[in-house]
Structure formats: structure tokens, C-alpha cells
Participant: 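Input: one structure, supplied below.
Values below: every heavy atom of this structure, side chains too, minus hydrogens, waters and symmetry copies. Labels below follow one simple rule: chain letters A, B, ... track the order of the sequence lines, proteins then strands, and each chain is numbered from 1.
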2 protein chains.
Amino acid sequence: MISVDAFDLKILSALQDDGRLTNQELADLAGLSASQCSRRRMRLEEEKVIAGYHADLSSEALGFGVIAFIQVGLATHSPDNSKRFRALVNRIDEIQEAYSLTGDADYVLKAVLRDLKGLSDLVNDVLMPHQSVAHVRSSIVLDRLKESSKLPLKEINPG
Amino acid sequence: MISVDAFDLKILSALQDDGRLTNQELADLAGLSASQCSRRRMRLEEEKVIAGYHADLSSEALGFGVIAFIQVGLATHSPDNSKRFRALVNRIDEIQEAYSLTGDADYVLKAVLRDLKGLSDLVNDVLMPHQSVAHVRSSIVLDRLKESSKLPLKEINPG
DNA sequence: TGGGACGCGCAAGGAGCGTGCAAACGGGAC
DNA sequence: GTCCCGTTTGCACGCTCCTTGCGCGTCCCA
């Protein structure tokens, strides 16, 4: 595995919280010089430990009122069919996340929509009629307790 | 609602893809000057349309091999009990996302763990024994088709 | 038709970035 | 213990990038 020491972890952790931190700010947090932070950051980017940087937009401010989890069962489990389903999922921007799972459903999708009509359109006009899909069950998010994509870096022992 | 024009949408969309874009790069993409992009970006940050910037770290590179969705049913639905549960969720870093949902389960959690033992520890030693929790069902992610937090900005009409 | 508000690009001063360099550190071999 | 070599560090410098002030053009409404 890629070797990541305590300084790297501090840098990663800080950048996870604020992706636009200056090398100097990073330096103050990590107890290094700014140039070292620059070098380490570049290395972590090259090694793809840092996969990218993204702005986190407010769904409320932009009028996306509905988040839903959609459980999908496929019609058949042939390779062709799951390929069709994956292609479908990929071209729908409203679907933020999609996973195949152990358990009852074959897939779980997380979708972000402007309103319930948007969800209805997605489920009834796009997913349900698609040839790859057998059944669909959607659950609407009532409350977001927590929503981040931060990794629990404290679980990692430096080395 | 906050007014967002076509230039803002281009800026937001670009920053969603790459949160470290330079004002000059933003300017080239949006067809504006760098100074205007700087001003618009600052406004969007002040209005909390841009909630923040985050580095996206590679879970594979850092050795997080297991993602799981955990459905939780509460013991009782009293305000005190859900408060206890929320406090629990908040202090567990392995839980990235947590939502209350319509449908069967009261809550769904998305957790990131180093290995299956980590999941077992979380479910059996932390969640199950907690007084607020009645039952727990976890599903392990077999494959990630898609994993982002990008909003479908093309759904928004500028104005 | 005039005036105010707004949004624009330009330019300049200042902050931030990254490469070169030399010094400090650390671990093996002897 | 000590010598050697690879690695990591801080500093300095040239360059890019950021942001604020300013003047100009445009639009809207009186």
C-alpha cells in the first residue's frame, strides 16, 4: 500500500475539511514549511491518494428539495442486462450514487431531485419502463443527519 | 430563492468538477474575466450556494475496503430516543451519511470501514447494544457504479 | 432623454506557488 | 564509533494568481 506518514495524514485530513487551504495554512496546521506541504500535496495527488477537489453546493439553495433512495431489482442477472442498467444509471445526472449490494435488492441508487414530480418522472418514466429493470422501491429522505464523504483517517496508523 | 444566472451556473458546474480551478481557468470556461469570476465566486460563497470545498480521497489507496449500508430501527420513537441516536451517529466517524427515511427502516447509514471486522465491530459492539436501537440490518456494497455528490445543475433554469 | 444602478474588463499591488539549493537527519556497513 | 549516502527539510527567488479600485458601457425607469 502507499506509504502515508503522520504529516501526510494531517494534510489529508485538513484538505478533506477544506480543499482550498493554502500551503501556508496547511504548513501551520501540520507543523511543516509551506514548500514541504506543496511537495507532499503534489505527491499525494500523483499517487491518486487525493482523487480530486470538488465544490460542495447547497442543494437547498439551488432548489433540490427531494433526496430519495431507490432499490432496484433487475429483470435478469445476465451480463448484458446489468451492462444496460449500468449505462442507464450513468447517463442520469439525478442519480448521484449507485451501488450493487448484498441482500434483498440488486442495486441501491441515491437520487437528488427538485420535487416529488421529479422523483415520479424518474421512477415511473425512466426506471420502471426500462427493459433491464424488474422492480423498483423508493424511499424518500425525511431528514439528513449527516452527509459527507470524509474518510475516518484516524483509523490509519502512520507508516 | 437566490438568483443564479447562466454565468453562475457555469462557474458552479466547473467548481463541482474541480474545486481548485483558478479564476482565470474559470474565466475561460465561463466566458468572463478572471476578476468577475473571483467576485461571483465570493458572492456564491457568502450566500452559501457554495457550502465548501473538499479534497476527495481514495478509499482504496487508504485501505478502506468495505462500504456498507445499515438500516436501523429505533427502540422507541420518542424525541429523547432519536436524540440519543443522532448523537451516537454524529460521533462515529465511520458513518459518512445518515438519513431518516420513509418506508420500512427508520434510518439508513452509510459507513466506510477498513475491513469486515470493522463492520462487525460497528454493528455488533456499537449499534446493536445501544439503548436507542431495536434492530439493525446491514448490506455490504459489492460494486460502486457511481459515487459523487454533484447536483444536476442542468435542471436549473437561469434567472 | 437623463440619471442611477449594475455588471463588466483592465491594471496594479500583494499574496501564494513551486523549483533550486544547501543543510540537517537517519540508517547501514564496516 | 564513524563514515557515507539517500531522504527530508527550510529558505530564497522568480513567477503566477488573486483581489480590489477604477472607469466604461448598458439597461431600466422616471
Side-chain angles (χ1 to χ4, degrees), chain A residues 1-58 61-63 150-151 153-159, chain B residues 1-58 61-63 150-151 153-159:
Chain A
M1 186 156 43
I2 291 153
S3 144
V4 169
D5 69 9
F7 287 125
D8 291 329
L9 283 177
K10 280 189 187 173
I11 290 173
L12 291 173
S13 175
L15 287 174
Q16 234 184 174
D17 281 332
D18 183 352
R20 291 202 77 125
L21 283 176
T22 272
N23 285 330
Q24 186 56 58
E25 293 167 316
L26 234 35
D28 295 341
L29 290 170
L32 275 177
S33 69
S35 57
Q36 258 334 81
C37 288
S38 169
R39 276 187 270 253
R40 280 169 179 269
R41 202 157 56 78
M42 262 172 30
R43 181 174 59 79
L44 292 167
E45 288 167 10
E46 271 166 22
E47 288 172 345
K48 307 285 184 201
V49 179
I50 297 176
Y53 300 89
H54 305 283
D56 174 20
L57 307 186
S58 158
L62 291 165
K150 283 195 231 168
L151 297 179
L153 296 182
K154 68 172 63 161
E155 299 295 318
I156 300 176
N157 355 348
Chain B
M1 188 153 45
I2 291 153
S3 146
V4 169
D5 69 10
F7 287 126
D8 291 329
L9 283 177
K10 281 189 187 173
I11 290 173
L12 291 173
S13 174
L15 286 174
Q16 234 185 171
D17 281 331
D18 183 351
R20 291 203 77 124
L21 283 176
T22 271
N23 286 330
Q24 187 55 56
E25 293 167 317
L26 233 37
D28 295 342
L29 290 171
L32 274 177
S33 69
S35 55
Q36 266 323 88
C37 286
S38 169
R39 276 187 271 253
R40 279 169 179 270
R41 201 158 58 76
M42 263 172 32
R43 182 174 57 80
L44 292 166
E45 288 167 10
E46 272 167 20
E47 288 171 345
K48 307 285 184 202
V49 177
I50 298 175
Y53 300 89
H54 305 282
D56 175 20
L57 307 185
S58 159
L62 290 166
K150 284 195 231 171
L151 298 179
L153 296 181
K154 66 172 64 163
E155 299 295 320
I156 301 177
N157 354 346

Participant: List for me each residue that meets salt bridge (charged side-chain N to carboxylate O under 4.0 Å, His left out) alongside Glu155(B), sequence neighbours excluded, and say none if there are none.
Facilitator: none
Participant: Quick one: side chain to side chain contact (heavy atoms under 4.5 Å, CB included) partners of Glu25(A), sequence neighbours excluded?
Facilitator: Leu21(A), Thr22(A)
Participant: Taking any heavy-atom pair under 4.0 Å as a contact, classify Arg43(A): base, sugar-phosphate, or nothing.
Facilitator: nothing
Participant: Of the nucleotides dT9(D), dG10(D), dG9(C), which one has an atom closest to the side chain of Ser33(B)?
Facilitator: dG9(C)
Participant: Identify, with sequence neighbours excluded, every residue that meets side chain to side chain contact (heavy atoms under 4.5 Å, CB included) alongside Ser58(B).
Facilitator: Glu60(B), Ala61(B)
Participant: Could you encode protein contacts along nucleotides 15-29 of chain D as a string, one character per nucleotide from 5' to 3', using B for base contact, S for sugar-phosphate-only contact and - for no contact, with a heavy-atom cut-off of under 4.0 Å?
Facilitator: --SSBBB--------
Participant: Residues in side chain to side chain contact (heavy atoms under 4.5 Å, CB included) with Ser38(B), at least two apart?
Facilitator: Asn23(B)
Participant: Drop me the distance from Arg20(B)'s CZ to Glu45(A)'s CD, to the nearest 0.5 angstrom.
Facilitator: 7.0 Å
Participant: Taking salt bridge (charged side-chain N to carboxylate O under 4.0 Å, His left out) as the test, write out the residues that go with Asp28(B), two or more places apart.
Facilitator: none
Participant: Which atom pairs, donor and acceptor, lie under 3.5 Å between side-chain atoms of residues 6-15 of chain B and protein residues at least two apart or in another chain?
Facilitator:
unit_1, atom_1, unit_2, atom_2, d
Asp8(B), OD1, Arg40(B), NH1, 2.8
Asp8(B), OD1, Arg43(B), NH2, 3.1
Asp8(B), OD2, Asp5(B), N, 3.2
Asp8(B), OD2, Arg43(B), NH2, 2.8

Participant: Taking atom P of dA15(C) as reference, at what distance in whole Å does atom CG of Asp28(A) sit?
Facilitator: 15 Å
Participant: I need the CZ-P distance between Phe7(B) and dC6(C), as an integer number of Å.
Facilitator: 18 Å
Participant: Considering just the side-chain nitrogens and oxygens of Gln36(B), establish if one lies under 4.0 Å of OP1 or OP2 belonging to dG9(C).
Facilitator: no
Participant: Rounded to whole angstrom units, what separation is found between the CD1 atom of Ile11(A) and the C1' atom of dC17(C)?
Facilitator: 15 Å
Participant: In degrees, rounded to 10°, what is the bend between the two ends of the helix from dT1(C)-dA30(D) to dC30(C)-dG1(D), using five pairs at each?
Facilitator: 30°
Participant: Just the rounded figure in Å: distance from C1' of dG9(C) to CG of Leu32(B).
Facilitator: 10 Å
Participant: Go through the structure and list residues passing side chain to side chain contact (heavy atoms under 4.5 Å, CB included) with Lys150(B), not counting sequence neighbours.
Facilitator: Gln16(B), Asp17(B), Ser148(B)
